[in-house]
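Structure first, then comments.
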Amino acid sequence: MKLLVREVIDETLNALKASGALTFDVIPPYNIEVPKNLEHGDWSCNVAMVMSKAAGKKPGDLAELIIKGLVDRNAIVVSAEKAGPGFLNFRLKDSVFQAVAREVLKAGLTFGRNKPKSTGKKMLVEFVSANPTGPVHIGHARGAFMGDAISRLLDAAGHDVTREFYINDAGNQVETLGRTIFKRYQQLFGVEIQLAEGEYPAEYVIEIAKTWKNEVGDAYLNKPQAEWLPKAIEVGIRENLKAIRSTLAMANISHDTFFSEATLHTAGKVTSIVDVYKARGVTYEATEGKRREKGDKVRSEESKAAKYADRQLGGTFLMTATYQENEKYVLKDEEDRIILRHDGTPVYLTADLAYHKEKFDRGYDLMVDVFGADHAGHVPRIQSGMTLLGFEQKKLQFVLVQIVRITQGGEEVKVSKRKGTLFELADLIDEAGADVCRFIFLMKSANAQFDFDLDGVKKQSKDNPVFYFQMGHARCASVLKKAIEKGVPFVGAEALTDAQLARLVLPEEKAMLKKMSQLGDVVATSAEKLEPHHVLYFCQELIADFHSYFTKFRSDPIISDDVDKTQGRLAMVAALKHTLASAFGILGIAAPEHMEAPAEEE
RNA sequence: GCGCUCAUAGCUCAGCUGGAUAGAGCAUUGGCCUUCGAAGCCAAGGGUCGGGGGUUCGAAUCCCUCUGAGCGCGCCA
């Protein structure tokens, strides 16, 4: 619908240019939007204000010129007016609104989406990537739902999307896991054990030990560490990943690929990336923390750098901060980062750089990393590292989800893996339902910090906005069902006549049709910005309009004795149902046909 | 101390690359069910968009500055 208006404006401007009435090079980007105030027309355009300078005319004069010379080949415009500082306000024929219903019905559940993989662009979304040392807990939840929704959004925008989970299955943390599992394994044979600082006291480790014992008996009980440790790690990662996947499945989230950090090491990709950097001349050797930094940094005495100073023995550094082009710093990082310790072993960053190089080598048009805000400091290092390899930085984008504070009874619930007091995502979904959890996380933009109130989501009440949404869809379904019961089922898009559609003339009906027509735009801009919440708010407005319409015309119901009017209105309801279902699919929440009445609370 | 993110109604949050009178939900108050779902609707109250400068036809939106909050600042991952 908006495109039709754009067509009129573009053609008008070109015609004015051809006739010499107007001079400009190209039409600058301008907006066509829905005015807040209905009196300002159906669609409003700011082109006259935007073009004012380039055309050398006042916005008002330009607007009048456009209105006078309007080229409306499809005859869609009823009126065009100049308003305010130079807005162009258009009113369109009813038939243009009515056509939206037909368009939606034709597209069905894919309305508002581009054809799958039609853009030819390959995209990778990495999200969750929880350490395989324990279950998915509530701290991962926001990133998990966000990453999933972004994937669905990019998919709906017509891109070829791969969802990836990066498994940190190398390094100290999985070794600690392995040691803890072995201790629990020993314990199952009556050995007295004592967990060390940093080891995992939680229940699930005992379960893993039991599984292991069931599989191998006492085979590893008296073996040396060199034999039991790799085995314990293997079992631990396997079992934890199994649990992670099943939790994600509960949340309606799935990944296409699981990428193992360990394979980077075994394939030699971690050491080889160091060689690449060395060959490019962007590394240097330094000792005892004598790395280079931008300016003089003042660190507080309690900083971790000071705390672990005795472990900082120097090694090979990458110029993530001090690399220069034309004697200017071009990278965002603040200090250079070590990539090889003094004994030649790589650090976590080194593997992560190798991982991101791997992603670039796979040839994606866009790579998205969904991180928690506590990893924000990691971003400039990876960006710098990729720039130093000559990769295009804007192909790699980071979505940082802010920390979620979990509260219950007004008090903060701490999420701590180490202490075994973790609040698992699986438990939350059990209690609140997957759609509710997903919805609450997707309601906010990634940048917004917020408190997640456990008491609120557990209640099936008005605190649960997802019910409002699903009710909107269920109500559409209910109306269509009622029509069947009353013997006047909706005839369907094919049999629907223009005369029937022409009965959709109420301002409320036109407003809903106009809004429906915008789903494609909302999806496009949301995908562009990697912000799923716009789709959610779009649904909210549409549903509010429908509820309001439904109530207002209670005495002039959708289903009446007037057959043509009934069919016209049913067409709109069916279109609305498809629009909502399509949008819900992009968000990943269910579109139920029916909802149970809530339990009465006394 | 430095960096990132943020500050909008009593609370939780939207506000699209600057646009016309700043919105929604919850909460509060008052209305609306003999009819297609009242998990709904209508109405009211509630705002110097954290403070101050700047950019221009026009700023919640862009720039600077101050204040306040969260996160980060390890050769852990």
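All chains are named by letter (A, B, ...) in the order of the sequence lines, taking the proteins before the strands, and each is independently numbered beginning at 1. Any value given below was found using the heavy atoms of this structure, including those in side chains, with hydrogens, waters and symmetry copies removed.
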Check: [X] side chain, [N] base, donor-acceptor under 3.5 Å:
X: A:His594; N: B:rG37; value: yes
X: A:Asn447; N: B:rU5; value: no
X: A:Ser44; N: B:rA20; value: yes

Exercise. Examine B:rU17: is either OP1 or OP2 under 4.0 Å from a nitrogen or oxygen in the side chain of A:Lys529? Give yes or no.
Key: yes

Quiz item: For A:Lys36 and B:rA20, is the shortest distance between a side-chain N/O and OP1 or OP2 below 4.0 Å?
Solution: yes

Please tell me which of the listed nucleotides, [options], lies nearest to the side chain of [X]?
X: A:Lys444; options: B:rG37, B:rG40, B:rC13; answer: B:rC13
X: A:Asp374; options: B:rA14, B:rC36, B:rC71; answer: B:rC71
X: A:Gln449; options: B:rC73, B:rA14, B:rU5; answer: B:rU5
X: A:Ala373; options: B:rG74, B:rG70, B:rC71; answer: B:rC71
X: A:Ile558; options: B:rA14, B:rC36, B:rG19; answer: B:rC36
X: A:Arg341; options: B:rC76, B:rA20, B:rG37; answer: B:rC76
X: A:Pro557; options: B:rC36, B:rC76, B:rA14; answer: B:rC36
X: A:Gln402; options: B:rC36, B:rU5, B:rG3; answer: B:rU5
X: A:Asn89; options: B:rG40, B:rA20, B:rC36; answer: B:rA20
X: A:Tyr468; options: B:rC76, B:rG37, B:rG40; answer: B:rG40

Quiz item: Salt bridge or not for A:Arg569 and A:Asp556, using N-O below 4.0 Å?
Solution: yes

Quiz item: When we call it a touch if two heavy atoms are under 4.0 Å apart, what does A:Asn172 touch: a base, just sugar-phosphate, or nothing?
Solution: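 A:Asn172: backbone/sugar contact only, no base atoms under 4.0 Å.
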
Practice problem: If the glycosidic angle is within 90 degrees of 0 it's syn, otherwise anti, so just tell me which one B:rC33 is. | Solution: syn

Please give the distance between the [atom1] atoms of [N] and [M] as a whole number of Å.
N: B:rA22; M: B:rU8; atom1: C1'; answer: 8 Å
N: B:rA60; M: B:rG18; atom1: P; answer: 13 Å
N: B:rC16; M: B:rA7; atom1: P; answer: 12 Å
N: B:rC13; M: B:rG30; atom1: C1'; answer: 26 Å
N: B:rG3; M: B:rU21; atom1: P; answer: 38 Å
N: B:rC71; M: B:rC11; atom1: C1'; answer: 23 Å
N: B:rU61; M: B:rC49; atom1: P; answer: 10 Å
N: B:rC64; M: B:rG47; atom1: C1'; answer: 26 Å

Atom-to-atom span, [atom1] of [X] to [atom2] of [N] - whole angstrom:
X: A:Phe441; N: B:rC13; atom1: CZ; atom2: P; result: 12 Å
X: A:Glu334; N: B:rC2; atom1: CD; atom2: P; result: 11 Å
X: A:Asn46; N: B:rU56; atom1: CG; atom2: P; result: 19 Å
X: A:Phe469; N: B:rG40; atom1: CZ; atom2: P; result: 12 Å
X: A:Lys2; N: B:rC16; atom1: NZ; atom2: P; result: 13 Å
X: A:His375; N: B:rG70; atom1: NE2; atom2: P; result: 20 Å
X: A:Leu353; N: B:rA77; atom1: CG; atom2: P; result: 13 Å
X: A:Glu33; N: B:rG19; atom1: CD; atom2: C1'; result: 7 Å

Give the table of side-chain donor-acceptor pairs shorter than 3.5 Å for residues 39-50 of chain A, with sequence neighbours excluded, one pair per line with atom names and distance.
{"from": "A:Asp42", "atom 1": "OD2", "to": "A:Leu92", "atom 2": "N", "distance (Å)": "2.8"}
{"from": "A:Ser44", "atom 1": "OG", "to": "A:Asn89", "atom 2": "OD1", "distance (Å)": "3.2"}
{"from": "A:Asn46", "atom 1": "OD1", "to": "A:Asn31", "atom 2": "N", "distance (Å)": "2.8"}

Exercise. Begin from the C-alpha positions of A:His547 and A:Tyr468 and carry the test ring-ring contact (aromatic ring centres under 6.0 Å, His included) through to its verdict.
Key: CA-CA 10 Å; A:His547 281 314; A:Tyr468 182 87; 5.2 Å; yes

Quiz prompt | Pairwise 5' ranking along RNA chain B for A:Thr551 and A:Glu531, keeping only the more 5' one | solution = A:Glu531

Quiz item: Toward the 5' end of RNA chain B, which comes first, A:Tyr308 or A:Ala170, by nearest nucleotide?
Solution: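 The residue closer to the strand's 5' end, by nearest nucleotide, is A:Tyr308.
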
What residues form a side chain to side chain contact (heavy atoms under 4.5 Å, CB included) with [X], not counting sequence neighbours?
X: A:Lys58; result: A:Asp61
X: A:Lys57; result: A:Leu22, A:Leu62, A:Leu65
X: A:Ser384; result: A:Thr320, A:Leu331, A:Asp333
X: A:Thr263; result: A:Phe259, A:Ser260, A:Thr266

Quiz item: Does A:Arg6 make a cation-pi contact with A:Tyr30 (under 6.0 Å, within 45 degrees of the axis)?
Solution: yes

Quiz item: Between A:Arg292 and A:Tyr284, is NZ or CZ placed under 6.0 angstrom from the six-membered ring centre and within 45° of the ring axis?
Solution: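 Geometry flag: set, cation within 6.0 Å and 45°.
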
Interface polar pairs with nucleotides 42-47 of chain B, N/O, under 3.5 angstrom:
{"from": "B:rC42", "atom 1": "OP1", "to": "A:Ser548", "atom 2": "OG", "distance (Å)": "3.0"}

Quiz item: In residues 532-541 of chain A, which residues come under 4.0 Å of RNA chain B by heavy atom?
Solution: A:His533, A:His534, A:Tyr537, A:Gln540

Self-check item: Pair assignment for RNA chain B - dot-bracket with | for other-strand partners, Watson-Crick or G-U under 3.5 Å
Solution: (((((((..((((.....[...)))).(((((.......))))).....(((((..]....))))))))))))....

Quiz item: Residues in salt bridge (charged side-chain N to carboxylate O under 4.0 Å, His left out) with A:Arg503, at least two apart?
Solution: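 Applying salt bridge (charged side-chain N to carboxylate O under 4.0 Å, His left out) to A:Arg503 gives A:Asp562.
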
Quiz item: With sequence neighbours left out, what residues match A:Lys2 under salt bridge (charged side-chain N to carboxylate O under 4.0 Å, His left out)?
Solution: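 In terms of salt bridge (charged side-chain N to carboxylate O under 4.0 Å, His left out), with neighbours along the sequence ignored, A:Lys2 is linked to A:Asp521.
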
Quiz item: In terms of ring plane angle, is the pair A:His137 and A:His140 parallel, tilted or perpendicular, where the classes change at 30° and 60°?
Solution: tilted

Quiz item: Would you call the rings of A:Phe441 and A:Phe145 parallel, tilted or perpendicular, where under 30° means parallel and over 60° means perpendicular?
Solution: parallel

Self-check item: Listed partners of A:Ser517 passing side chain to side chain donor-acceptor pair (under 3.5 Å), at least two apart
Solution: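 If we apply the side chain to side chain donor-acceptor pair (under 3.5 Å) test to A:Ser517, skipping adjacent residues, there are no hits.
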
Side-chain atoms of residues 477-491 of chain A: list all donor-acceptor pairs with protein atoms under 3.5 Å, sequence neighbours left out, distances to 0.1 Å.
none

